[in-house]
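Structure record follows, encoded as structure tokens.
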2 protein chains.
Amino acid sequence: MKTPKISEAVVRRLPIYLRYLNVLHLQNVQTVSSSDLGQKLDLNPAQIRKDLAYFGEFGKKGIGYDVNYLIEKIRQILKLDQFIQVALVGAGNLGRALSNYNAFLKDNMKIVAVFDAMESKVGDKINNLTVQPMQEMKQTIKSMNIRIGIITVPASEAQHVADEFIQSGIEAILNFAPAIIKVPNEIRIHHADFTTELQSLAFYLD
Amino acid sequence: MKTPKISEAVVRRLPIYLRYLNVLHLQNVQTVSSSDLGQKLDLNPAQIRKDLAYFGEFGKKGIGYDVNYLIEKIRQILKLDQFIQVALVGAGNLGRALSNYNAFLKDNMKIVAVFDAMESKVGDKINNLTVQPMQEMKQTIKSMNIRIGIITVPASEAQHVADEFIQSGIEAILNFAPAIIKVPNEIRIHHADFTTELQSLAFYLD
DNA sequence: TAGATTGTTAATCGATTAACAATC
DNA sequence: TAGATTGTTAATCGATTAACAATC
């Protein structure tokens, strides 16, 4: 399976496909066409076919895509066929909310460690996790084979936390802090700053 | 100020510019050039100049942009020069975390009402807000002149909540539920689903 | 077989970047 | 004036969409 420069836009659509395919699976739907998908997801059918064709020939001409097979394939592509351990730094309101979130459990991703720099938060329980001090981060990340880090600290601390994540061997970061973070090229970083999101929404008000 | 088809990509960068300009303002920096900005934000300077030029001639040739003036202008463009009231539905962990978030206070956006369909949550206090029942939504949204709605309910409820928002006269929606939501063309909807975000991150793991 | 739908090439569209005259 | 930097046009790049032969 060779991957000739997959654009980020394509990668971002794969989880969308997967989510709806899972719904179809639950409804016992066997087969789906690109135009079915396109209609439901507000996407162009040609785009969906093209996206999928980057990774292989998953469909059958005249028939469409087998739902279960396509789920399996997309999960492989997204590496969701293996367990992926996630760490989170910043046990504030948002950090706790995300840690409690179990929605991704079914996708083999799980927050397995939570850290905070504040003495007073260390030792707190969040579900079945205990907030650990920053000093334990490197050790824990290595021993638990944690590969993705989530940042939910104030903007002023975000770069520092990212640096520590990288030092600890994290491969990808999801940053919720409203800050630009500099990372080496080999580290993948996505931003999920909802103040930015809200502000750009305001633009579209009359 | 005419706006000849501003692309979404442009609108999404404006809050990023604003955020960094606010930092410069706090540092008493008077003037900034597009290449300064570009370096700090990892963007092409030509792109920054072009983005801003959609809305007016804010810079001075040979000098750059006056920080305070540009802040004022971008705030106008994003409509952050007026108070914008926000409602939130779904007083779960994430909903409570967002309601507590005061980071956008400085930008004149504020969550002023929280709703939940569960009897047991109605009446709960979140900071200085009281969780209201869904039946009060339409009335509250109209009387408080709420224009943006945030959805933090389970995916299965998201479409229903969106429909109620729209019925109540909401103009734009920020959806945190992992679901595709159908809305009329005149309603703006942004998605902030972090499971999707995490899954696309996984793709980039080795 | 006839109808449906894929995978893929070509055409289109739009966004980013380069270049440069204007000018502070 | 000389140096810097804008605003804007033109060039490039990349992503989306249309079209269609292949084939189930």
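Lettering follows sequence order; numbering is per chain, from 1. Note that the structure is a prediction, hence the values are computed from the model and not measured.
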Practice task
Using a cut-off of strictly less than 4.0 Å, decide whether B/Arg13 has a side-chain nitrogen or oxygen near OP1 or OP2 of C/dT16.
Solution key: yes
Handout entry: Among C/dT6, D/dT17, D/dG7, the nucleotide that comes nearest once only the side chain of B/Ala53 is considered
Key = D/dG7
Problem - Side chain of A/Ala46 (C-beta onward), nearest among D/dA18, C/dA18, D/dT16 - result: D/dA18
Handout entry: Pair assignment for C/dC24, Watson-Crick or G-U wobble, requiring both distances under 3.5 Å
Key = D/dG3
Handout entry: N/O (side chain, B/Ser34) to phosphate O (OP1/OP2, D/dT6) under 4.0 Å
Key = yes
Practice task
Name the nucleic acid region contacted by B/Ser35, choosing base, sugar-phosphate or nothing; use a 4.0 angstrom heavy-atom cut-off, strictly under.
Solution key: nothing
Handout entry: Listed nucleotide nearest any side-chain atom of A/Asn44, set D/dT16, D/dA18, D/dT6
Key = D/dA18
Exercise for the section: Answer whether the closest heavy-atom distance between the side chains of A/Leu41 and A/Arg13 falls below 4.5 Å. Expected result: no
Handout entry: D/dA15 - base-pair partner by Watson-Crick or wobble geometry, distances under 3.5 Å
Key = C/dT12
Completion exercise
Quick note, A/Gln47 side chain, CB onward, closest among D/dT16, C/dT17, D/dA18 is D/dT16
Exercise for the section: Check the pair A/Asp42, B/Lys182 against salt bridge (Lys or Arg N to Asp or Glu O under 4.0 Å), reporting the backbone distance first and the verdict last. Expected result: CA-CA 9 Å; A/Asp42 284 330; B/Lys182 304 274 187 182; 3.3 Å; yes
Fill in the blank from the handout: Testing D/dT17, D/dG7, D/dC24 for proximity to the side chain of B/Lys61, the answer is D/dG7
Practice task
Taking only the side-chain heavy atoms of B/Glu57 (C-beta and beyond), determine which of C/dG7, D/dT8, C/dT5 contains the nearest atom.
Solution key: D/dT8
Exercise for the section: Start with the C-alpha distance between A/Ile74 and A/Leu52, add both sets of side-chain angles, then the distance that settles side chain to side chain contact (heavy atoms under 4.5 Å, CB included), and finish with yes or no. Expected result: CA-CA 9 Å; A/Ile74 295 181; A/Leu52 296 173; 4.2 Å; yes
Handout entry: Crowding at CD, A/Gln167 (>12 non-hydrogen neighbours, <6.0 Å)
Key = no
Practice task
Using only side-chain N and O atoms of A/Tyr65, determine if any of them is under 4.0 Å from OP1 or OP2 of C/dG7.
Solution key: yes
Completion exercise
Looking only at D/dC24, D/dT6, C/dC24, the nucleotide nearest the B/Arg49 side chain is D/dT6
